[in-house]
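Each ligand, and each atom within it, is numbered from 1 in the order the structure gives.
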Amino acid sequence: MVTDTRRVVAPGDLLGIDHLLDAEERAIRDTTRQFADDHLRPYVADWFERGVFPVELARQLGQMGLLGMHLDGYECPGTSATSYGLACAEIEAVDSGLRSFVSVQGSLAMASIHRYGSEEQKSHWLPRMAAGELIGCFGLTEPDHGSDPAGMRTFARRDGTDWVLRGTKMWITNGSIADVAIVWAQTDDGVRGFIVPTATPGFSAASIPRKLSMRASVTAELVLDDVRLPADAVLPEARGLSGPLGSLNEARFGIVCGVVGAARDCLDAATSYAMSRHQFGRPIGAFQLTQAKLADMAVELGKAQLLALHLSRAKDAGTLTPTMVSVGKLNNVREALQIARTCRTILAGSGITTEYSPLRHANNLESVLTYEGTVEVHQLTIGRALTGENAFV
Ligand code: TGC
Ligand code: FAD
């Protein structure tokens, strides 16, 4: 055993998890961290305050190989899921809204085409989406159907060989900057997915204003007013709700890993503040009550890191189940949010501006707690797995 009783250790290094990663995984993580520190971190508070996502970031993220990172072929990087998860954590250490962009592009829009698309659809869309030349979004939620997407009203009817889509999608990340939307709609044959170029007549998107969360990310309402699409716009391999829910497993996995980065960043900020801020003649980090907060948070961060890594390894081994993803999403987002809020209490007054990251992270994590399945949806999913009883209805 190595003695470390007097060594000061960063919160994210408490459990020595680095040793569980191989050289390539560490290299991808470190390169992404460097990119994030150089190109994202210095500007993110300003983007958040102004409520903008700079669209030129898409190409930069593409050049870094961060879009559709764990997909194979079609000019996608084809890394392991573990490497993808580590990269998500580094982006989310800067801001959840930026990780959202990466998730929606790679794990929802591109992953849907990759998994359910025809050869022609994949070759046509994926290379330019991987490069960040084209931006995608994923429209499942509707104004009246969020947790219960089975009730969606958006309908695609056949007209000759064409499809005609009518309906409204709500809270859609990237919606008003997207070149292509993956839209899920009811048909006479159950739920189907459609690739909708956003320039198609009848498609419109309006950004949702006055957000208190995810301000460095675009969230929009999509209106499909008799959008006419050719027969080959439908994703041939997706039938029923298992189509969008299958893609959601991919994006939820990225969240499980990503929020670890947000929590780590909060804890780094609060720990260094605790050692530089003096009250009653001592650093506030020397008070037992502050140390209790830091210790409890570092323990939760370590558990979240281990859970993320365990699910990453399971995904790479092909043994990850949707229920395991629900466990990770429920635990890691809930704990990351609690860490962000507690870190803000250590920063006290200084913690309420954008100078420090924890309150920005906390505000973002309120959205992460809700999207891709709320706390209650994941509790009920786990409860259903444990009991066999469906408590959704
Ligand atoms: P249920 O009867 O359970 O299932 C219907 C069909 O779907 C299958 N299925 C799944 N397949 C793959 N993965 C999963 N996780 C699956 N869960 C269910 C199921 O086997 C069945 O297949 P089949 O072939 O028998 O028809 O459906 P339900 O109506 O009871 O609903 C289940 C429930 C509530 C868990 C589900 O609807 C749900 O997950 N609701 C939450 C909705 C949600 O997460 N929306 C997210 C929208 S996208 C988003 O938020 C992006 S944020 C992006 C960002 O900025 O990062
Ligand atoms: P509701 O479903 O109305 O839920 C309200 C409350 O009721 C919640 O607490 C919920 O847990 C609870 N509840 C619902 N049903 C039950 C039940 N059976 N038992 C117990 N409690 C229940 N969607 C997309 O399709 N694409 C996107 O790109 C996207 N991006 C998003 C970005 C942001 C910033 C946000 C905030 C949302 C985004 N969403 C997106 C939508 C998101 O997935 C939904 O907000 C989420 O699924 C919840 O739906 P809702 O807001 O309609 O809440």
Side-chain angles (χ1 to χ4, degrees), residues 51 53 88 91-92 95-109 111-112 115-116 135-152 154 167-178 181-185 190-191 193 205 207-208 211-222 238-259 320-330 333 363-385 389-393:
F53 170 82
C88 284
I91 302 294
E92 192 147 1
D95 195 89
S96 300
L98 304 179
R99 196 271 307 139
S100 265
F101 178 86
V102 169
S103 287
V104 169
Q105 178 82 353
S107 287
L108 288 178
S112 296
R115 183 166 178 175
Y116 304 123
I135 294 175
C137 69
F138 180 91
L140 178 64
T141 306
E142 301 189 350
D144 295 330
H145 297 280
S147 299
D148 179 22
M152 71 174 73
T154 299
T168 305
K169 296 289 177 183
M170 192 64 183
W171 306 114
I172 307 304
T173 300
N174 296 350
S176 52
I177 56 169
I182 304 301
V183 174
W184 299 94
V191 171
S207 294
I208 295 170
K211 287 187 299 178
L212 298 171
S213 174
M214 293 291 186
R215 292 185 52 77
S217 166
V218 170
T219 318
E221 178 179 23
L222 312 183
R239 284 178 188 272
L241 207 54
S242 61
L245 292 178
S247 300
L248 284 176
N249 291 330
E250 294 294 318
R252 288 169 178 170
F253 165 76
I255 291 172
V256 172
C257 302
V259 294
L320 187 66
T321 66
T323 309
M324 289 159 72
V325 175
S326 283
V327 172
K329 207 270 180 182
L330 175 63
V333 182
N363 279 6
N364 287 338
L365 288 165
E366 293 287 351
S367 285
V368 184
L369 197 73
T370 285
Y371 68 36
E372 311 241 9
T374 62
V375 164
E376 294 76 15
V377 160
H378 291 293
Q379 285 173 324
L380 294 177
T381 300
I382 297 165
R384 186 163 66 176
E389 297 285 350
N390 183 6
F392 282 103
V393 286

Quiz item: Taking both backbone and side-chain atoms of E376, is any N or O found less than 3.5 Å from an N or O belonging to ligand 2?
Solution: yes

Quiz item: Can you check whether a protein heavy atom sits less than 4.0 angstrom from atom 55 (O) of ligand 1?
Solution: yes

Self-check item: Distance from atom 32 (C) of ligand 2 to nearest protein heavy atom, with residue and atom
Solution: T173 OG1, 3.3 Å

Quiz item: Closest non-hydrogen protein atom to atom 5 (C) of ligand 1, residue and atom name please, with distance?
Solution: L241 CB, 4.1 Å

Exercise. Look only at the side chain of H378 and the backbone of E372, and say whether a donor-acceptor pair between them is shorter than 3.5 Å.
Key: yes

Quiz item: Any idea which protein heavy atom is nearest atom 35 (C) of ligand 2, and the distance to it?
Solution: Y371 CD2, 4.0 Å

Quiz item: From atom 31 (O) of ligand 1, is the closest protein heavy-atom distance below 4.0 Å?
Solution: no

Quiz item: Looking only at protein heavy atoms, which one is nearest to atom 8 (C) of ligand 1, and how far off is it?
Solution: S242 CB, 3.8 Å

Quiz prompt | Option whose closest heavy atom lies nearest to atom 11 (N) of ligand 1, chosen from I255, V393, V104, L245 | solution = L245

Quiz item: Are any of the N or O atoms of T381 closer than 3.5 Å to those of ligand 1?
Solution: no

Exercise. Looking only at distances, please establish whether an N/O atom of ligand 2 is found under 3.5 Å from an N/O atom of W171.
Key: yes

Exercise. May I ask whether L108 has any heavy atom positioned less than 4.0 angstrom from an atom of ligand 1?
Key: yes

Quiz item: Judged by non-hydrogen atoms, does G254 sit under 4.0 Å from ligand 1?
Solution: no

Quiz prompt | Location of contacts on A150 toward ligand 1, heavy atoms closer than 4.0 Å | solution = side chain

Quiz item: At the 4.0 Å heavy-atom cut-off, does R99 count as touching ligand 1?
Solution: yes

Self-check item: Closer than 4.0 Å: a protein non-hydrogen atom to atom 50 (O) of ligand 1
Solution: yes

Quiz item: Less than 4.0 Å between atom 13 (N) of ligand 1 and some protein heavy atom, yes or no?
Solution: yes

Quiz prompt | Proximal ligand 2 atoms for F392, defined as those under 4.0 Å from one of its heavy atoms | solution = 18 (N)

Exercise. Check F392 against ligand 1 and report side chain, backbone, both or neither, counting heavy atoms closer than 4.0 Å.
Key: side chain

Quiz item: Quick one: does N174's side chain have a donor or acceptor within less than 3.5 Å of a partner on G136's backbone?
Solution: yes

Quiz item: Just to confirm, does any protein heavy atom lie below 4.0 Å from atom 28 (P) of ligand 1?
Solution: no

Quiz item: Does at least one non-hydrogen atom of L380 fall below 4.0 angstrom from an atom of ligand 2?
Solution: yes

Practice problem: Go through ligand 2 atom by atom and flag the ones less than 4.0 Å from a non-hydrogen atom of T370. | Solution: 45 (O), 46 (C)

Practice problem: Would you verify that at least one protein heavy atom lies under 4.0 Å from atom 23 (P) of ligand 1, or report that none does? | Solution: no

Quiz item: Is the shortest N/O to N/O distance between F138 and ligand 2 below 3.5 Å?
Solution: yes

Self-check item: For atom 40 (N) of ligand 1, closest protein heavy-atom neighbour
Solution: S147 O, 2.9 Å

Quiz item: Is there at least one protein heavy-atom neighbour under 4.0 Å from atom 19 (C) of ligand 1?
Solution: no

Practice problem: Of the side chain and backbone of T374, name the one, both, or neither that has a heavy atom under 4.0 Å from an atom of ligand 2. | Solution: side chain

Exercise. Using atom types as modelled and distance alone, determine if a side-chain donor or acceptor of S213 lies under 3.5 Å from a backbone N or O of N363.
Key: yes

Self-check item: Trace of the side-chain contact (heavy atoms from CB on, under 4.5 Å) decision for W184 with T154
Solution: CA-CA 8 Å; W184 299 94; T154 299; over 6 Å; no

Quiz item: What's the shortest distance from atom 37 (O) of ligand 1 to any protein heavy atom, and which residue and atom give it?
Solution: P149 CD, 3.3 Å

Quiz item: Where does R384 meet ligand 1, judged by heavy-atom distances below 4.0 Å: at the side chain, the backbone, both, or neither?
Solution: side chain

Quiz item: Can you find a non-hydrogen atom of G240 under 4.0 Å from ligand 1?
Solution: no

